[in-house]
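Read the numbers this way: they start at 1 and go in the same order the structure lists the ligands and their atoms.
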Amino acid sequence: MTERTLILVKPDGVQRALSGEILSRVEAKGYRLVAVELLHASREVLSRHYAEHEGKPFYEPLVEFMESGPTLAIVAEGERVIEGFRSLAGATDPTTAAPGTIRGDLGRHWPTAVIQNLVHGSDSPESAAREIAIWFPELSA
Ligand code: DAT
Ligand code: MG
């Protein structure tokens, strides 16, 4: 059964001009792009998106970082795309993310309060539906 996931190229990825490289890896894997939009996320969108992390020590730095510049928001489609993009992205910590993954190949540790790791990908069908409704309400109507 085909499914959809929300992918974000976070402000560090856009600023480092890696949007094309990251889109290219999603397409080269065989997934279809359904929507792609460069936008500057509002605090309202970010607080909904990261609601699960509210109260954690890195929450405020995370939201501030995500507000610091434009994000490329993407909806991609394909069989098992949710799991497949998490695999392409690699582990949360870019220092130890496996080489071959987006975070492992293109990310590194920086001296910031929040981990900057270039991309977000929905982690379950429930998260994907919730997140697509936040970033692309027109697709969920
Ligand atoms: P992921 O993005 O791999 O799903 P997550 O949902 O646990 O990871 O966290 C969201 C983002 O917050 C993550 O991409 C980077 C940042 N982050 C997570 N854990 C952190 C920590 N312990 N310290 C600083 N930043 C963190
Ligand atoms: Mg997550």
Sorted by chain and number, the residues that approach ligand 1 to under 4.0 Å with a heavy atom: Lys10, His53, Phe58, Leu62, Arg86, Thr92, Arg103, Ala113, Val114, Ile115, Asn117
Is it true that Glu131 and His120 share a donor-acceptor pair across their side chains at a distance under 3.5 Å? yes
Salt bridge (charged side-chain N to carboxylate O under 4.0 Å, His left out) involving Glu52 - partner list, sequence neighbours excluded: none
Is a side-chain donor or acceptor of Arg16 paired with a backbone partner of Leu106 at a separation under 3.5 angstrom? yes
I'd like to know if Arg80 and Glu3 make a salt bridge, using a cut-off of under 4.0 Å between side-chain N and carboxylate O. no
Kindly say whether Val119 contributes a backbone atom to a donor-acceptor pair with the side chain of Arg103 at under 3.5 angstrom? yes
Would you call Glu83-Arg86 a salt bridge at under 4.0 Å N-O? no
